[in-house]
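Report on one structure; see the data block that follows.
Chain naming here is simple, since letters A, B, ... match the order of the sequence lines and numbering starts at 1 in each. If you're wondering where the values come from, they're calculated on a predicted model, not measured in any experiment.
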Amino acid sequence: QWPNECQLDQLNALEPSQIIKSEGGRIEVWDHRAPQLRCSGFAFERFIIESQGLYLPTFFNAGKLTFVVHGRGLMGKVVPGCAETFMDSPVFQQGGQFGEGQGQGQSQGFRDMHQKVEHIRCGDTTATPPGVAQWIYNNGDEPLILVSAADIANNQNQLDRNLRPFLIAGNNPQGQQWLQGREQQPQNNIFSGFAPEILAQAFKIKLETAQQLQNQQDNRGNIVKVKGPFGVIRPPLRRGQGGQQPQEEGN
Amino acid sequence: GIEETLCTMRCTENLDDPSSADVYKPSLGYISTLNSYNLPILSYLRLSALRGSIRNNAMVLPQWNVNANAALYVTNGKAHIQMVNDNGQRVFDQEISSGQLIVVPQGFSVSKRATSDKFEWIEFKTNENAQINTLAGRTSVMTGLPLEVITNGFQISPQEARKVKFSTLETTLTHTSGGPMSYGRPRV
(Lines give C-alpha, C1' and ligand atoms only; values in the text may rest on other atoms or scores of the structure.)
Protein backbone atom coordinates (compact mmCIF):
# COMPACT_ATOMS: atom_id res chain seq x y z
CA GLN A 1 0.00 0.00 0.00
CA TRP A 2 1.05 3.56 -0.53
CA PRO A 3 0.96 5.77 2.57
CA ASN A 4 -2.45 7.38 3.29
CA GLU A 5 -4.23 4.96 0.98
CA CYS A 6 -6.80 4.38 3.67
CA GLN A 7 -7.29 7.99 4.56
CA LEU A 8 -10.87 7.94 3.32
CA ASP A 9 -12.76 11.09 4.12
CA GLN A 10 -15.64 10.36 1.77
CA LEU A 11 -17.00 6.99 0.64
CA ASN A 12 -19.43 6.39 -2.24
CA ALA A 13 -21.16 3.46 -3.95
CA LEU A 14 -19.11 2.13 -6.85
CA GLU A 15 -20.22 1.12 -10.31
CA PRO A 16 -18.20 -0.93 -12.84
CA SER A 17 -15.76 1.22 -14.78
CA GLN A 18 -15.32 -1.05 -17.80
CA ILE A 19 -17.58 -3.51 -19.58
CA ILE A 20 -15.88 -6.16 -21.70
CA LYS A 21 -18.41 -7.49 -24.21
CA SER A 22 -18.03 -10.95 -25.73
CA GLU A 23 -20.05 -13.22 -27.99
CA GLY A 24 -21.62 -15.12 -25.12
CA GLY A 25 -21.86 -12.49 -22.37
CA ARG A 26 -19.87 -9.72 -20.72
CA ILE A 27 -17.48 -9.03 -17.86
CA GLU A 28 -17.92 -5.82 -15.81
CA VAL A 29 -14.84 -4.61 -13.99
CA TRP A 30 -14.66 -2.17 -11.09
CA ASP A 31 -11.64 0.11 -11.17
CA HIS A 32 -9.55 -1.30 -8.37
CA ARG A 33 -7.61 1.99 -8.21
CA ALA A 34 -10.67 3.60 -6.61
CA PRO A 35 -9.50 4.70 -3.12
CA GLN A 36 -11.75 2.39 -1.15
CA LEU A 37 -10.92 -0.64 -3.25
CA ARG A 38 -7.24 0.23 -3.15
CA CYS A 39 -7.40 0.54 0.63
CA SER A 40 -9.21 -2.78 1.01
CA GLY A 41 -6.94 -4.58 -1.44
CA PHE A 42 -9.91 -6.00 -3.35
CA ALA A 43 -10.40 -6.21 -7.10
CA PHE A 44 -14.04 -6.83 -8.01
CA GLU A 45 -15.69 -8.22 -11.17
CA ARG A 46 -19.15 -9.28 -12.32
CA PHE A 47 -19.65 -11.95 -14.97
CA ILE A 48 -22.87 -12.15 -16.97
CA ILE A 49 -22.85 -15.36 -19.01
CA GLU A 50 -25.76 -15.81 -21.43
CA SER A 51 -27.49 -19.13 -21.90
CA GLN A 52 -25.15 -21.59 -23.67
CA GLY A 53 -22.31 -19.13 -22.97
CA LEU A 54 -18.90 -20.54 -22.03
CA TYR A 55 -16.45 -18.43 -20.02
CA LEU A 56 -13.16 -19.70 -21.34
CA PRO A 57 -10.43 -21.00 -19.04
CA THR A 58 -8.66 -18.13 -17.28
CA PHE A 59 -6.39 -17.93 -14.26
CA PHE A 60 -5.40 -14.95 -12.15
CA ASN A 61 -2.45 -13.82 -10.06
CA ALA A 62 -4.57 -13.67 -6.90
CA GLY A 63 -6.93 -15.94 -5.03
CA LYS A 64 -10.61 -15.06 -5.27
CA LEU A 65 -14.06 -15.95 -3.97
CA THR A 66 -16.92 -16.07 -6.46
CA PHE A 67 -20.62 -15.90 -5.55
CA VAL A 68 -23.42 -17.05 -7.86
CA VAL A 69 -26.01 -14.28 -7.84
CA HIS A 70 -28.43 -15.73 -10.38
CA GLY A 71 -28.86 -18.73 -12.66
CA ARG A 72 -27.11 -22.09 -12.81
CA GLY A 73 -24.31 -23.69 -14.71
CA LEU A 74 -21.33 -26.01 -14.85
CA MET A 75 -17.90 -25.03 -13.55
CA GLY A 76 -14.48 -26.62 -13.89
CA LYS A 77 -11.15 -25.78 -12.28
CA VAL A 78 -7.90 -27.34 -13.42
CA VAL A 79 -5.79 -27.75 -10.30
CA PRO A 80 -2.13 -28.44 -11.07
CA GLY A 81 -1.25 -32.09 -10.55
CA CYS A 82 -4.76 -33.36 -9.92
CA ALA A 83 -5.81 -36.37 -11.93
CA GLU A 84 -8.50 -36.45 -14.62
CA THR A 85 -10.97 -38.30 -12.44
CA PHE A 86 -13.99 -37.64 -14.64
CA MET A 87 -13.91 -40.20 -17.43
CA ASP A 88 -16.68 -41.50 -19.56
CA SER A 89 -17.23 -45.19 -20.10
CA PRO A 90 -15.15 -47.01 -22.66
CA VAL A 91 -16.52 -47.31 -26.15
CA PHE A 92 -17.32 -50.99 -26.75
CA GLN A 93 -17.54 -52.59 -30.18
CA GLN A 94 -19.16 -55.90 -31.08
CA GLY A 95 -17.32 -58.69 -29.37
CA GLY A 96 -16.47 -56.48 -26.40
CA GLN A 97 -13.35 -54.99 -27.88
CA PHE A 98 -12.34 -51.38 -27.15
CA GLY A 99 -12.93 -49.06 -30.05
CA GLU A 100 -9.89 -48.34 -32.17
CA GLY A 101 -9.61 -44.80 -33.37
CA GLN A 102 -7.05 -42.18 -34.18
CA GLY A 103 -4.98 -40.46 -31.59
CA GLN A 104 -3.59 -42.02 -28.48
CA GLY A 105 -6.50 -41.15 -26.24
CA GLN A 106 -9.09 -42.59 -28.49
CA SER A 107 -7.17 -45.80 -28.90
CA GLN A 108 -7.78 -46.35 -25.21
CA GLY A 109 -11.46 -46.53 -26.02
CA PHE A 110 -12.81 -43.63 -23.95
CA ARG A 111 -14.21 -40.46 -25.37
CA ASP A 112 -12.78 -38.05 -22.83
CA MET A 113 -11.38 -37.64 -19.34
CA HIS A 114 -10.97 -34.39 -17.51
CA GLN A 115 -10.78 -32.89 -14.04
CA LYS A 116 -13.80 -32.41 -11.85
CA VAL A 117 -16.86 -30.55 -13.14
CA GLU A 118 -19.37 -29.12 -10.65
CA HIS A 119 -22.93 -27.95 -10.95
CA ILE A 120 -23.28 -24.42 -9.64
CA ARG A 121 -26.45 -22.59 -8.72
CA CYS A 122 -27.37 -19.30 -7.12
CA GLY A 123 -26.05 -19.01 -3.61
CA ASP A 124 -23.00 -21.12 -4.32
CA THR A 125 -19.72 -19.54 -3.24
CA THR A 126 -16.55 -20.97 -4.64
CA ALA A 127 -12.88 -20.30 -3.94
CA THR A 128 -10.27 -20.24 -6.68
CA PRO A 129 -6.57 -20.13 -5.77
CA PRO A 130 -4.16 -18.09 -7.92
CA GLY A 131 -2.88 -19.90 -11.01
CA VAL A 132 -5.81 -22.30 -11.17
CA ALA A 133 -7.60 -22.09 -14.52
CA GLN A 134 -11.38 -21.88 -14.20
CA TRP A 135 -14.11 -22.16 -16.82
CA ILE A 136 -17.87 -21.75 -16.46
CA TYR A 137 -20.74 -22.77 -18.75
CA ASN A 138 -24.33 -21.60 -18.49
CA ASN A 139 -26.54 -24.61 -19.12
CA GLY A 140 -29.67 -22.84 -17.89
CA ASP A 141 -32.17 -20.69 -19.73
CA GLU A 142 -31.48 -17.49 -17.81
CA PRO A 143 -28.33 -15.41 -17.61
CA LEU A 144 -25.80 -16.78 -15.14
CA ILE A 145 -24.57 -13.86 -13.01
CA LEU A 146 -21.52 -14.22 -10.76
CA VAL A 147 -19.55 -11.66 -8.74
CA SER A 148 -16.01 -12.28 -7.63
CA ALA A 149 -13.70 -10.54 -5.17
CA ALA A 150 -9.97 -11.09 -5.59
CA ASP A 151 -7.57 -10.33 -2.76
CA ILE A 152 -4.73 -8.61 -4.63
CA ALA A 153 -3.14 -7.50 -1.37
CA ASN A 154 -2.59 -11.10 -0.33
CA ASN A 155 0.99 -12.36 -0.55
CA GLN A 156 -0.26 -15.14 -2.78
CA ASN A 157 -0.23 -12.37 -5.36
CA GLN A 158 3.43 -12.14 -6.15
CA LEU A 159 2.94 -9.46 -8.79
CA ASP A 160 1.83 -5.84 -8.39
CA ARG A 161 -1.48 -4.62 -6.98
CA ASN A 162 -3.37 -5.29 -10.19
CA LEU A 163 -5.63 -8.21 -10.89
CA ARG A 164 -4.12 -9.80 -14.01
CA PRO A 165 -6.18 -12.37 -15.90
CA PHE A 166 -4.14 -14.89 -17.92
CA LEU A 167 -6.22 -16.25 -20.78
CA ILE A 168 -5.76 -19.89 -21.74
CA ALA A 169 -8.21 -19.50 -24.61
CA GLY A 170 -10.04 -16.66 -26.25
CA ASN A 171 -8.95 -13.02 -26.11
CA ASN A 172 -10.04 -9.57 -25.06
CA PRO A 173 -10.04 -7.26 -28.08
CA GLN A 174 -10.77 -4.28 -25.81
CA GLY A 175 -7.69 -4.88 -23.71
CA GLN A 176 -7.20 -4.26 -20.01
CA GLN A 177 -7.98 -0.56 -20.01
CA TRP A 178 -7.56 -0.27 -16.29
CA LEU A 179 -3.89 -1.13 -16.58
CA GLN A 180 -1.57 1.76 -17.36
CA GLY A 181 0.26 1.21 -20.60
CA ARG A 182 -2.28 -1.34 -21.79
CA GLU A 183 -5.12 1.05 -22.57
CA GLN A 184 -5.00 0.51 -26.28
CA GLN A 185 -3.63 -3.01 -26.44
CA PRO A 186 -5.85 -6.01 -27.11
CA GLN A 187 -5.19 -8.92 -24.78
CA ASN A 188 -4.41 -12.30 -26.37
CA ASN A 189 -4.27 -15.75 -24.91
CA ILE A 190 -1.08 -17.36 -23.57
CA PHE A 191 -0.51 -19.50 -26.64
CA SER A 192 -0.42 -16.49 -28.93
CA GLY A 193 2.87 -15.38 -27.44
CA PHE A 194 4.73 -18.56 -28.29
CA ALA A 195 6.14 -19.39 -31.72
CA PRO A 196 3.78 -21.92 -33.33
CA GLU A 197 6.74 -24.23 -33.85
CA ILE A 198 7.29 -24.46 -30.10
CA LEU A 199 3.62 -25.25 -29.55
CA ALA A 200 3.69 -27.85 -32.30
CA GLN A 201 6.72 -29.52 -30.67
CA ALA A 202 5.30 -29.28 -27.17
CA PHE A 203 1.91 -30.73 -28.11
CA LYS A 204 3.19 -33.04 -30.88
CA ILE A 205 0.55 -31.59 -33.19
CA LYS A 206 0.46 -30.06 -36.65
CA LEU A 207 1.62 -26.48 -37.11
CA GLU A 208 -1.85 -25.50 -38.33
CA THR A 209 -3.45 -26.79 -35.16
CA ALA A 210 -0.81 -24.97 -33.09
CA GLN A 211 -1.74 -21.74 -34.87
CA GLN A 212 -5.40 -22.46 -34.14
CA LEU A 213 -4.54 -22.50 -30.42
CA GLN A 214 -3.53 -18.86 -30.77
CA ASN A 215 -7.10 -17.71 -31.59
CA GLN A 216 -5.58 -15.29 -34.07
CA GLN A 217 -8.57 -14.52 -36.30
CA ASP A 218 -11.01 -14.91 -33.45
CA ASN A 219 -12.84 -11.90 -32.05
CA ARG A 220 -15.44 -13.73 -29.99
CA GLY A 221 -13.87 -12.53 -26.76
CA ASN A 222 -13.56 -14.47 -23.52
CA ILE A 223 -17.13 -15.72 -23.24
CA VAL A 224 -18.14 -17.65 -26.34
CA LYS A 225 -21.44 -19.07 -27.53
CA VAL A 226 -21.53 -22.87 -27.67
CA LYS A 227 -23.38 -24.19 -30.67
CA GLY A 228 -24.91 -27.62 -30.10
CA PRO A 229 -24.60 -29.96 -27.12
CA PHE A 230 -22.02 -29.35 -24.38
CA GLY A 231 -21.35 -32.92 -23.38
CA VAL A 232 -18.81 -32.63 -20.56
CA ILE A 233 -18.82 -35.53 -18.12
CA ARG A 234 -20.72 -34.52 -15.01
CA PRO A 235 -22.47 -36.21 -12.12
CA PRO A 236 -26.26 -36.16 -11.92
CA LEU A 237 -27.77 -33.24 -10.09
CA ARG A 238 -28.68 -33.88 -6.49
CA ARG A 239 -32.46 -34.50 -6.19
CA GLY A 240 -34.10 -31.28 -5.24
CA GLN A 241 -31.18 -29.11 -6.38
CA GLY A 242 -33.15 -26.51 -8.18
CA GLY A 243 -36.08 -28.95 -8.19
CA GLN A 244 -34.71 -30.87 -11.11
CA GLN A 245 -34.71 -34.60 -11.52
CA PRO A 246 -31.35 -36.24 -11.69
CA GLN A 247 -30.17 -36.50 -15.26
CA GLU A 248 -30.90 -39.84 -16.78
CA GLU A 249 -27.69 -41.84 -16.96
CA GLY A 250 -27.11 -43.54 -20.31
CA ASN A 251 -26.61 -47.26 -19.96
CA GLY B 1 15.80 -25.28 24.49
CA ILE B 2 16.70 -24.44 20.92
CA GLU B 3 19.80 -26.62 20.85
CA GLU B 4 17.67 -29.64 20.13
CA THR B 5 15.49 -27.87 17.64
CA LEU B 6 16.59 -24.93 15.58
CA CYS B 7 20.27 -25.56 16.01
CA THR B 8 19.95 -29.09 14.72
CA MET B 9 17.86 -28.06 11.77
CA ARG B 10 19.26 -29.22 8.48
CA CYS B 11 20.09 -26.30 6.23
CA THR B 12 21.83 -27.89 3.29
CA GLU B 13 20.80 -30.20 0.45
CA ASN B 14 22.81 -31.14 -2.63
CA LEU B 15 20.89 -30.69 -5.82
CA ASP B 16 23.56 -31.94 -8.18
CA ASP B 17 22.86 -35.57 -7.35
CA PRO B 18 20.72 -37.04 -10.16
CA SER B 19 19.84 -39.96 -7.96
CA SER B 20 17.45 -37.71 -6.07
CA ALA B 21 15.85 -36.33 -9.24
CA ASP B 22 12.11 -35.67 -9.19
CA VAL B 23 11.77 -35.66 -12.99
CA TYR B 24 14.05 -37.96 -14.97
CA LYS B 25 14.21 -39.14 -18.52
CA PRO B 26 17.52 -40.78 -19.51
CA SER B 27 17.58 -39.27 -22.98
CA LEU B 28 16.49 -35.80 -21.85
CA GLY B 29 17.86 -35.02 -18.39
CA TYR B 30 16.54 -34.42 -14.90
CA ILE B 31 14.96 -31.82 -12.62
CA SER B 32 15.16 -31.75 -8.81
CA THR B 33 13.13 -29.53 -6.54
CA LEU B 34 13.93 -28.34 -3.04
CA ASN B 35 11.01 -27.12 -0.94
CA SER B 36 9.78 -27.09 2.64
CA TYR B 37 8.85 -30.75 2.42
CA ASN B 38 12.41 -31.91 1.85
CA LEU B 39 14.18 -29.00 3.57
CA PRO B 40 11.87 -27.82 6.36
CA ILE B 41 13.79 -24.66 7.12
CA LEU B 42 12.50 -23.29 3.83
CA SER B 43 9.09 -22.86 5.41
CA TYR B 44 10.66 -20.13 7.54
CA LEU B 45 12.30 -18.50 4.54
CA ARG B 46 9.26 -19.03 2.31
CA LEU B 47 11.59 -19.90 -0.53
CA SER B 48 12.19 -22.97 -2.67
CA ALA B 49 14.62 -23.96 -5.42
CA LEU B 50 14.74 -26.06 -8.56
CA ARG B 51 17.77 -27.52 -10.27
CA GLY B 52 17.61 -28.54 -13.90
CA SER B 53 20.01 -30.33 -16.21
CA ILE B 54 18.79 -31.17 -19.71
CA ARG B 55 20.45 -32.41 -22.89
CA ASN B 56 20.59 -30.88 -26.31
CA ASN B 57 17.14 -30.39 -27.90
CA ALA B 58 15.35 -31.39 -24.76
CA MET B 59 12.49 -29.01 -23.96
CA VAL B 60 10.95 -28.08 -20.64
CA LEU B 61 7.28 -28.01 -21.58
CA PRO B 62 5.69 -24.56 -21.53
CA GLN B 63 4.61 -23.87 -17.95
CA TRP B 64 3.87 -21.10 -15.46
CA ASN B 65 4.60 -20.57 -11.79
CA VAL B 66 1.29 -20.81 -10.01
CA ASN B 67 2.22 -19.19 -6.73
CA ALA B 68 5.68 -17.70 -7.00
CA ASN B 69 8.07 -15.47 -8.87
CA ALA B 70 11.28 -17.16 -9.99
CA ALA B 71 14.86 -16.06 -10.60
CA LEU B 72 16.57 -18.38 -13.08
CA TYR B 73 20.37 -18.44 -13.17
CA VAL B 74 22.27 -20.39 -15.81
CA THR B 75 25.20 -22.41 -14.51
CA ASN B 76 26.16 -24.23 -17.70
CA GLY B 77 25.42 -24.28 -21.43
CA LYS B 78 22.77 -22.48 -23.47
CA ALA B 79 19.02 -22.59 -23.99
CA HIS B 80 16.47 -20.81 -26.10
CA ILE B 81 13.81 -19.38 -23.84
CA GLN B 82 10.47 -17.85 -24.76
CA MET B 83 8.27 -16.12 -22.19
CA VAL B 84 4.72 -14.78 -22.51
CA ASN B 85 3.11 -12.25 -20.20
CA ASP B 86 -0.50 -11.79 -19.03
CA ASN B 87 -1.34 -9.81 -22.17
CA GLY B 88 -0.33 -12.70 -24.40
CA GLN B 89 2.82 -10.87 -25.53
CA ARG B 90 6.12 -12.56 -26.02
CA VAL B 91 8.35 -10.65 -23.62
CA PHE B 92 11.48 -12.77 -23.95
CA ASP B 93 12.67 -14.69 -27.03
CA GLN B 94 16.41 -15.26 -26.78
CA GLU B 95 19.17 -17.66 -26.17
CA ILE B 96 20.41 -17.46 -22.61
CA SER B 97 23.82 -18.71 -21.54
CA SER B 98 25.99 -19.46 -18.58
CA GLY B 99 26.25 -16.67 -16.03
CA GLN B 100 23.06 -14.94 -17.06
CA LEU B 101 20.01 -14.33 -14.86
CA ILE B 102 16.38 -13.92 -15.83
CA VAL B 103 13.26 -13.37 -13.73
CA VAL B 104 10.07 -15.32 -14.44
CA PRO B 105 7.14 -13.51 -12.80
CA GLN B 106 4.15 -15.42 -11.42
CA GLY B 107 1.78 -16.52 -14.18
CA PHE B 108 4.16 -15.78 -17.05
CA SER B 109 4.42 -18.84 -19.29
CA VAL B 110 7.91 -19.97 -20.22
CA SER B 111 9.40 -22.65 -22.46
CA LYS B 112 13.06 -23.68 -22.39
CA ARG B 113 14.89 -25.70 -25.04
CA ALA B 114 18.53 -26.68 -24.62
CA THR B 115 20.71 -25.53 -27.54
CA SER B 116 24.04 -26.90 -26.30
CA ASP B 117 25.13 -30.33 -25.27
CA LYS B 118 23.93 -29.71 -21.74
CA PHE B 119 21.92 -26.86 -20.28
CA GLU B 120 21.99 -26.52 -16.47
CA TRP B 121 20.28 -23.94 -14.29
CA ILE B 122 19.19 -23.16 -10.75
CA GLU B 123 15.87 -21.45 -10.11
CA PHE B 124 14.95 -19.71 -6.83
CA LYS B 125 11.23 -19.26 -6.11
CA THR B 126 9.40 -16.96 -3.72
CA ASN B 127 7.20 -19.64 -2.16
CA GLU B 128 8.18 -22.47 0.10
CA ASN B 129 6.00 -24.82 -1.91
CA ALA B 130 6.27 -23.35 -5.36
CA GLN B 131 3.94 -25.03 -7.83
CA ILE B 132 3.94 -24.99 -11.58
CA ASN B 133 1.19 -25.73 -14.07
CA THR B 134 2.06 -26.88 -17.56
CA LEU B 135 0.34 -25.90 -20.80
CA ALA B 136 1.18 -29.18 -22.51
CA GLY B 137 1.80 -32.72 -21.33
CA ARG B 138 0.09 -35.47 -19.40
CA THR B 139 -0.56 -33.38 -16.28
CA SER B 140 -1.22 -30.14 -18.10
CA VAL B 141 -4.11 -27.70 -17.91
CA MET B 142 -5.16 -28.80 -21.39
CA THR B 143 -5.42 -32.43 -20.32
CA GLY B 144 -7.56 -31.32 -17.39
CA LEU B 145 -10.03 -29.47 -19.60
CA PRO B 146 -13.04 -31.20 -21.19
CA LEU B 147 -12.90 -31.70 -24.95
CA GLU B 148 -15.92 -29.40 -25.35
CA VAL B 149 -14.08 -26.52 -23.75
CA ILE B 150 -11.11 -27.02 -26.08
CA THR B 151 -13.16 -27.47 -29.25
CA ASN B 152 -15.30 -24.42 -28.48
CA GLY B 153 -12.44 -22.32 -27.10
CA PHE B 154 -10.11 -22.83 -30.03
CA GLN B 155 -12.65 -23.72 -32.77
CA ILE B 156 -10.87 -26.95 -33.59
CA SER B 157 -12.34 -30.36 -34.38
CA PRO B 158 -12.81 -32.98 -31.66
CA GLN B 159 -10.11 -35.05 -33.35
CA GLU B 160 -7.62 -32.18 -33.18
CA ALA B 161 -8.68 -31.48 -29.61
CA ARG B 162 -7.88 -35.09 -28.66
CA LYS B 163 -4.43 -34.73 -30.15
CA VAL B 164 -3.87 -31.52 -28.18
CA LYS B 165 -4.91 -33.31 -25.01
CA PHE B 166 -3.27 -36.68 -25.37
CA SER B 167 -0.34 -36.59 -27.79
CA THR B 168 2.41 -35.57 -25.39
CA LEU B 169 2.94 -38.32 -22.84
CA GLU B 170 5.63 -36.60 -20.77
CA THR B 171 4.77 -34.37 -17.83
CA THR B 172 7.68 -31.92 -17.79
CA LEU B 173 10.49 -32.76 -20.24
CA THR B 174 9.99 -33.67 -23.89
CA HIS B 175 12.13 -34.05 -26.97
CA THR B 176 12.17 -31.63 -29.88
CA SER B 177 13.45 -31.99 -33.39
CA GLY B 178 15.77 -29.00 -33.09
CA GLY B 179 15.92 -26.16 -35.62
CA PRO B 180 14.82 -22.52 -35.19
CA MET B 181 11.99 -21.91 -32.77
CA SER B 182 11.05 -18.30 -33.32
CA TYR B 183 10.26 -16.32 -36.37
CA GLY B 184 10.62 -12.55 -36.54
CA ARG B 185 8.82 -10.17 -34.27
CA PRO B 186 6.83 -11.53 -31.36
CA ARG B 187 3.06 -11.32 -31.86
CA VAL B 188 1.77 -8.19 -30.12
Part of [X] lying under 4.5 Å from any heavy atom of chain B:
X	answer
A:N155	side chain
A:I168	both
A:I190	both
A:F191	side chain
A:A133	side chain
A:E84	side chain

Side chain, backbone, both or neither: which part of [X] has a non-hydrogen atom closer than 4.5 Å to chain A?
X	result
B:N67	backbone
B:N65	neither
B:V110	backbone
B:I132	backbone
B:R138	backbone
B:L61	side chain

| task | Check whether any side-chain N or O of A:N171 sits under 3.5 Å from a backbone N or O of A:N189 as a donor-acceptor pair, and report yes or no. | result | no

Chain B: which of [options] shares the most heavy-atom pairs with it under 4.5 Å?
options	result
A:R220, A:K116, A:R164, A:Q115	A:R220
A:K77, A:Q156, A:K227, A:Q176	A:Q176
A:V132, A:V226, A:L213	A:L213

